[in-house]
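Heads up, the thing below is written out as structure tokens.
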2 protein chains.
Amino acid sequence: MKEKILVVDDEAEAVELVEFNLRQAGFEVLSAADGAEALKKARTALPSLIVLDLMLPEIDGLEICRMLRRDPATARIPIVMLTAKAAEMDRIIGLELGADDYVTKPFSPRELVLRIKNVLQRGRAAAEAEVLKFGDLLIDAPRHLVSWRGKAIELTATEFKLLLVLAQRRGRVQSRDQLLRDVWEYNSLIDTRTVDTHMRRLRDKLGPAAKHLDTVRGVGYRFIEA
Amino acid sequence: MKEKILVVDDEAEAVELVEFNLRQAGFEVLSAADGAEALKKARTALPSLIVLDLMLPEIDGLEICRMLRRDPATARIPIVMLTAKAAEMDRIIGLELGADDYVTKPFSPRELVLRIKNVLQRGRAAAEAEVLKFGDLLIDAPRHLVSWRGKAIELTATEFKLLLVLAQRRGRVQSRDQLLRDVWEYNSLIDTRTVDTHMRRLRDKLGPAAKHLDTVRGVGYRFIEA
DNA sequence: ACGGCGATGTCACCGGTTTGTCACAAACCC
DNA sequence: GGGTTTGTGACAAACCGGTGACATCGCCGT
């Protein structure tokens with residue numbers, strides 16, 4: 001239930017300081033010393049937030065930020081920048097690239113923790129994306145409405161929920177078991193193959209928009225944006 | 001359909017940053033570099049919201065805020081303040097003057113966008129209430145009156161409240177549990193199927209206007225405008 | 001106090017829709 | 001080519017919402 005945070009910094013001392021304080025605050029902490037490691041861990045561990053030093057060897061922090069944002073699997077993970085000596089421009093560029101906040105070094109650990117909590121809080125509020133749009137496909141959760149090029153598509157309750165869960169977790173593959181847990185809620189009384197049937201019905205009704213629904217053989221299903 | 005937002009700041013860089021992010025978020029953006037221009041554009045373009053820097057040359061932000069509030073044409077436009085270095089006092093004064101929210105510089109553009117959306121949402125929420133009209137159907141909340149083509153429809157207290165809650169949340173599906181919570185208030189002593197019965201009675205009495213009441217199978221009920 | 005009345009909550013039933021399952025065909029991977 | 005995984009069509013059971021009937025309750029006037 002603890003939230004994972006990935007700390008990326010090449011100075012071991014700095015990592016330790018941050019790590020200690022984050023654990024103190026009840027987070028689970030991973031760390032990476034360079035860009036390559038950071039990207040790998042971000043993709044595999046899918047942390048709730050990434051603390052990223054701007055000054056890194058080889059690839060610099062901004063570049064990592066860009067790469068994280070480009071990969072759909074990590075694009076939505078909030079990033080808090082750590083800058084050693086921040087000219088105003090750096091800040092702005094960092095934020096434009098999609099960092100969610102920044103702290104200048106030397107920093108007070110307390111401030112960092114507060115900012116991290118703040119960003120996570122914001123994320124939770126924003127995560128309940130009300131209306132999702134992918135090209136011509138519109139998914140409106142509160143209205144329980146799906147449309148393709150403005151034309152409504154009639155879905156049953158389960159079909160809608162299945163689509164919604166997949167779209168909300170877009171990019172990431174969902175196993176049949178996961179889907180059973182998240183869509184059907186009371187689990188495992190149901191055959192996993194039932195998911196297949198519902199996927200078929202969903203694809204039938206979506207028509208051309210079914211291109212967003214991707215089968216990953218041996219694993220499960222996935223919603224793709226493009 | 002896009003909402004217009006007026007950004008007032010004398011620093012071109014700041015304007016650009018805000019403008020970029022707001023456009024990204026789907027808003028139409030106007031800008032003004034000083035108070036005079038801001039007042040003029042506010043009056044002519046009537047934006048949905050104004051982002052206002054407190055520190056402006058010549059007239060300062062607070063003064064502009066006051067002037068905007070004094071003019072009936074602009075008095076009800078929400079204002080989000082931008083303060084470079086906010087002593088607590090400044091904030092309070094800003095809010096006392098009728099600013100609807102504030103963000104301190106340097107700020108995360110994401111946060112600004114979120115706050116703006118939030119303020120707009122609040123505005124929309126406040127705008128409803130009082131008297132609702134949908135085609136020939138009139139719902140007068142304070143007077144507890146409903147009419148169809150000018151002819152009054154007699155509703156019981158529960159029926160009225162049910163209709164009102166649905167109409168206020170028009171478009172969005174309400175589950176039976178939600179309705180029980182919001183209409184019956186102290187909940188769960190009551191069977192959720194009771195909602196159905198009241199819906200039936202409501203539909204009976206509304207006659208042709210019942211077309212606004214939509215059933216979403218497996219989920220709940222929804223008020224539709226058209 | 002009493003009886004009547006409207007309002008409200010509950011129930012059982014019905015018809016239509018949704019949904020889970022199965023058997024089989026097709027696709028895919030080694 | 002064989003074994004595994006996924007897509008498909010059909011079907012019966014379960015579910016869900018609409019409906020009419022009924023019990024209860026509180027209010028009111030007599």
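Heavy-atom basis, side chains included; hydrogens, waters and symmetry copies ignored.
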Less than 4.0 angstrom between a side-chain N/O of [X] and OP1 or OP2 of [N], yes or no?
{"X": "W184(B)", "N": "dT8(C)", "answer": "no"}
{"X": "Y221(A)", "N": "dT5(D)", "answer": "no"}
{"X": "T156(B)", "N": "dG6(C)", "answer": "no"}
{"X": "T194(B)", "N": "dT10(C)", "answer": "yes"}
{"X": "T215(B)", "N": "dG17(D)", "answer": "no"}

From C-beta outward on [X], which listed nucleotide comes closest to its side chain: [options]?
{"X": "R193(A)", "options": "dT6(D), dT21(C), dT8(C)", "value": "dT6(D)"}
{"X": "R200(A)", "options": "dG9(D), dG18(D), dG9(C)", "value": "dG9(D)"}
{"X": "R176(B)", "options": "dG17(D), dT19(D), dG7(D)", "value": "dG17(D)"}
{"X": "R217(B)", "options": "dC15(D), dG9(C), dT19(C)", "value": "dC15(D)"}
{"X": "D196(B)", "options": "dG17(D), dA10(D), dC11(C)", "value": "dG17(D)"}

Residues R201(B), D204(B); criterion salt bridge (charged side-chain N to carboxylate O under 4.0 Å, His left out); working and verdict = CA-CA 5 Å; R201(B) 289 173 183 151; D204(B) 283 351; over 6 Å; no

What is the distance, rounded to the nearest whole Å, between atom [atom1] of [X] and atom [atom2] of [N]?
{"X": "M199(A)", "N": "dT21(C)", "atom1": "CE", "atom2": "P", "result": "18 Å"}
{"X": "I190(A)", "N": "dT19(C)", "atom1": "CD1", "atom2": "P", "result": "11 Å"}
{"X": "L202(B)", "N": "dG18(D)", "atom1": "CG", "atom2": "P", "result": "12 Å"}
{"X": "D214(B)", "N": "dG17(D)", "atom1": "CG", "atom2": "P", "result": "12 Å"}
{"X": "D204(A)", "N": "dT18(C)", "atom1": "CG", "atom2": "C1'", "result": "15 Å"}
{"X": "E159(A)", "N": "dT17(C)", "atom1": "CD", "atom2": "P", "result": "14 Å"}
{"X": "F160(B)", "N": "dT8(C)", "atom1": "CZ", "atom2": "P", "result": "13 Å"}
{"X": "K205(B)", "N": "dT8(C)", "atom1": "NZ", "atom2": "C1'", "result": "11 Å"}

Should we count CD of E37(A) as having more than 12 external heavy atoms under 6.0 Å?
-> yes

Want to settle it: does T158(A) or A157(B) sit nearer the 5' end of DNA chain C, counting the closest nucleotide to each?
-> A157(B)

Nearest nucleotide by nearest heavy atom, which residue falls closer to the 5' end of DNA chain D, R201(A) or G218(A)?
->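 By nearest-heavy-atom nucleotide position, the 5'-most residue is G218(A).
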
Residues that T156(B) engages under side-chain hydrogen bond (donor to acceptor under 3.5 Å, both in side chains), provided they are two or more places apart |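 Applying side-chain hydrogen bond (donor to acceptor under 3.5 Å, both in side chains) to T156(B) gives E159(B).
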
Does the side chain of V146(B) come within less than 4.5 Å of F160(B)'s, by heavy atoms?
-> yes

Check whether any side-chain heavy atom of P78(B) lies under 4.5 Å from a side-chain heavy atom of I50(B), and answer yes or no.
->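 Contact flag for P78(B)/I50(B) side chains = no.
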
Between Q178(A) and V173(A), the two heavy atoms sitting closest are OE1-O, 4.0 Å

If you look at every strand shown and take non-hydrogen atoms under 4.0 Å, does R203(A) touch a base, only sugar-phosphate, or nothing?
->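 Touches sugar-phosphate only.
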
